Number of protein chains: 2
Amino acid sequence: MPRRPDFNGRTLREACLDEAVAIIAESGIESLSLRDVARRLGVSHQAPYKHFPSRDHLLAEVVRSAFDTFAAHLDARPRGATAEADLAALGQAYLAYALAHPLAYRLMFGTRLPDVAAHPAMLHSARHAFALLREALGRMRAEQGARPEPGAMELDALFIWTSLHGLASALQTSAMATLALPPAVLAATLSHTLQRIGAALTAPVPQA
Amino acid sequence: MPRRPDFNGRTLREACLDEAVAIIAESGIESLSLRDVARRLGVSHQAPYKHFPSRDHLLAEVVRSAFDTFAAHLDARPRGATAEADLAALGQAYLAYALAHPLAYRLMFGTRLPDVAAHPAMLHSARHAFALLREALGRMRAEQGARPEPGAMELDALFIWTSLHGLASALQTSAMATLALPPAVLAATLSHTLQRIGAALTAPVPQA
DNA sequence: CGTGCAAAGTTGACAACGTCAACATTTGAA
DNA sequence: TTCAAATGTTGACGTTGTCAACTTTGCACG
């Protein structure tokens with residue numbers, strides 16, 4: 001490759017990705033511009049175009065990276081002894097990550113990407129995260145001696161995910177801010193939600 | 001007021017709002033531009049500025065209108081005989097509206113509005129919708145003979161809302177599309193989620 | 001050891017956007 | 001009748017994404 005790629009030891013491509021993440025962290029996704037990335041790296045406004053066909057491709061890369069980090073975080077959760085404890089740990093890891101990295105979370109699940117089909121690699125790790133959940137649930141069901149009804153399993157996995165996602169996403173919603181909830185309620189919301197999800201799962205499985 | 005306001009019987013202000021909704025429905029929130037609104041109405045690109053200080057103010061108006069319609073839809077739900085049935089009807093009305101009007105739903109809960117504090121009227125109806133939920137839950141608890149523990153009530157109301165919102169929001173997520181869920185599962189998801197929420201609520205209230 | 005070619009970066013241009021400023025027109029109220 | 005505020009227009013500026021054409025670089029190959 002011509003031209004020594006040396007942006008603090010990284011390729012311009014990598015430097016662009018890092019800078020994009022920094023900009024998003026500072027001022028949000030909507031104000032991310034390729035020109036700003038280039039400006040902050042001290043290169044011309046067209047340099048990033050040699051590495052990303054468009055702004056959306058850069059953004060898709062950032063999202064993919066966020067999914068990777070997220071899935072790795074879920075993988076690295078403290079494994080519980082029982083499958084039930086493991087599922088709880090998975091839920092806690094999910095919510096903890098969403099609250100600790102709200103920008104990354106919004107990036108993954110709250111952003112409308114303009115052409116998902118054009119960026120297939122982006123959502124690969126998303127499938128991985130859901131597979132983790134399905135497996136943990138399957139182990140718990142097996143531990144409980146329940147026969148693995150695939151349809152109900154899928155539905156319950158979806159229920160768990162959407163409930164977790166709902167909490168994580170609602171906590172960042174503008175609408176939530178106006179509810180004027182007491183801080184004590186907010187603090188208790190996490191464990192309460194996990195408790196309620198657990199209660200829902202221990203209820204008898206509907207007519208399969 | 002000078003200059004006959006006649007844009008098909010509406011003020012330019014109203015016409016702008018209608019046109020904005022139409023544009024959002026056609027091509028999404030992000031591609032809404034004041035200039036496009038003006039162009040489609042056959043006025044100059046500065047005309048809308050006489051009625052909206054900025055693009056964000058126009059958008060805030062649209063969001064406020066969406067919240068109003070949404071709250072009205074919840075209010076108009078078929079009231080069940082028992083409080084429990086009413087709560088179920090509320091959940092069904094919520095999900096039905098979210099699925100029938102995905103754009104409006106994303107507009108309300110999926111859009112990062114740039115300065116919420118600057119548009120206080122926008123989220124008034126959001127509070128109203130949550131109050132509806134809290135009331136319905138309170139009636140059900142009273143019907144069950146449970147003493148009204150305000151903290152736990154609030155937590156359960158939040159749980160219900162976040163679960164509903166999670167499903168409604170996840171169904172529109174790009175990530176969901178890649179899970180490649182069988183259509184039968186998707187179709188059953190709604191009632192299953194409502195069932196699970198109900199199961200979680202009939203479980204004993206945690207140590208208050 | 002030269003040499004050329006493709007990768008990588010630069011410069012310039014264009015259209016579209018939000019928004020500021022200055023101007024023109026209209027109409028309700030004085 | 002007149003006048004001032006409301007309403008709409010024209011023009012401009014800085015920003016953005018992106019296309020096109022140019023220049024520079026350094027590895028591969030004769």
Side-chain angles (χ1 to χ4, degrees), chain A residues 1-24 26-63 107 111-116 118-119, chain B residues 1-24 26-63 111-115 118-119:
Chain A
M1 310 89 201
R3 205 139 214 168
R4 63 265 139 87
D6 186 46
F7 287 86
N8 293 6
R10 345 199 277 297
T11 313
L12 177 56
R13 184 173 212 282
E14 300 160 346
C16 282
L17 289 174
D18 291 350
E19 208 63 37
V21 170
I23 292 177
I24 290 173
E26 284 174 25
S27 39
I29 304 161
E30 44 282 333
S31 72
L32 169 68
S33 80
L34 275 189
R35 291 180 105 104
D36 199 21
V37 168
R39 208 175 300 126
R40 290 165 62 135
L41 289 173
V43 296
S44 79
H45 66 269
Q46 274 292 342
Y49 274 87
K50 300 296 166 173
H51 301 274
F52 305 95
S54 81
R55 176 184 181 276
D56 288 339
H57 284 76
L58 168 61
L59 220 139
E61 276 298 294
V62 174
V63 171
L107 203 53
T111 309
R112 203 76 191 157
L113 279 317
D115 190 1
V116 185
H119 312 283
Chain B
M1 306 92 209
R3 203 140 219 168
R4 63 271 140 85
D6 187 44
F7 287 85
N8 292 6
R10 345 200 275 297
T11 313
L12 176 55
R13 184 172 212 283
E14 300 161 346
C16 282
L17 288 173
D18 291 351
E19 208 63 38
V21 170
I23 292 177
I24 290 173
E26 283 174 23
S27 40
I29 303 161
E30 43 283 332
S31 71
L32 169 68
S33 81
L34 276 188
R35 290 179 107 104
D36 200 20
V37 169
R39 206 176 301 124
R40 290 165 62 135
L41 289 173
V43 296
S44 80
H45 66 268
Q46 274 292 344
Y49 274 87
K50 301 294 166 175
H51 301 274
F52 305 96
S54 79
R55 176 185 182 276
D56 288 339
H57 283 77
L58 168 61
L59 221 140
E61 276 297 296
V62 173
V63 171
T111 308
R112 204 72 189 162
L113 280 316
D115 191 1
H119 312 284

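Source: prediction; values computed, not measured.
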A:Lys50 or B:Arg35, whichever maps to the more 5' nucleotide of DNA chain C: A:Lys50

Under 4.0 angstrom between A:Arg39 side-chain N/O and D:dT16 OP1 or OP2: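 Checking A:Arg39 against D:dT16: at least one side-chain N or O falls below 4.0 Å of OP1 or OP2.
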
Phosphate contact (C:dG9 OP1 or OP2) by A:Ser44 side-chain N/O below 4.0 Å: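 No, no such contact exists.
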
Sub-4.5 Å side-chain heavy-atom contact between A:Arg40 and A:Ile23: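 Counting from C-beta outward, A:Arg40 and A:Ile23 do come under 4.5 Å.
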
Any B:Val37 side-chain heavy atom under 4.5 Å of B:Leu32 side chain: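 A side-chain contact exists here, since the closest heavy-atom pair is under 4.5 Å.
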
Distance-minimising heavy-atom pair for B:Leu41 and B:Phe7: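 Heavy atoms only, the tightest pair is O-CE2, 4.0 Å.
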
From [options], nucleotide with atom closest to [X] side chain:
X: B:Ala47; options: D:dG8, D:dG17, C:dT19; answer: D:dG8
X: A:Ser33; options: C:dG18, C:dG12, D:dG17; answer: D:dG17
X: B:Val43; options: C:dG18, C:dT11, D:dT9; answer: D:dT9

From [atom1] of [X] over to [atom2] of [N], roughly how many Å is that when rounded to an integer?
X: A:Arg40; N: D:dT16; atom1: CZ; atom2: C1'; value: 16 Å
X: A:Phe7; N: C:dG9; atom1: CZ; atom2: C1'; value: 8 Å
X: B:Asp56; N: C:dC17; atom1: CG; atom2: P; value: 16 Å

Sugar-phosphate only, base, or nothing, as touched by B:His51 at under 4.0 Å among non-hydrogen atoms: sugar-phosphate

A:Thr111/A:Val63 under side-chain contact (heavy atoms from CB on, under 4.5 Å): CA gap, chis, key distance, verdict: CA-CA 9 Å; A:Thr111 309; A:Val63 171; 5.7 Å; no

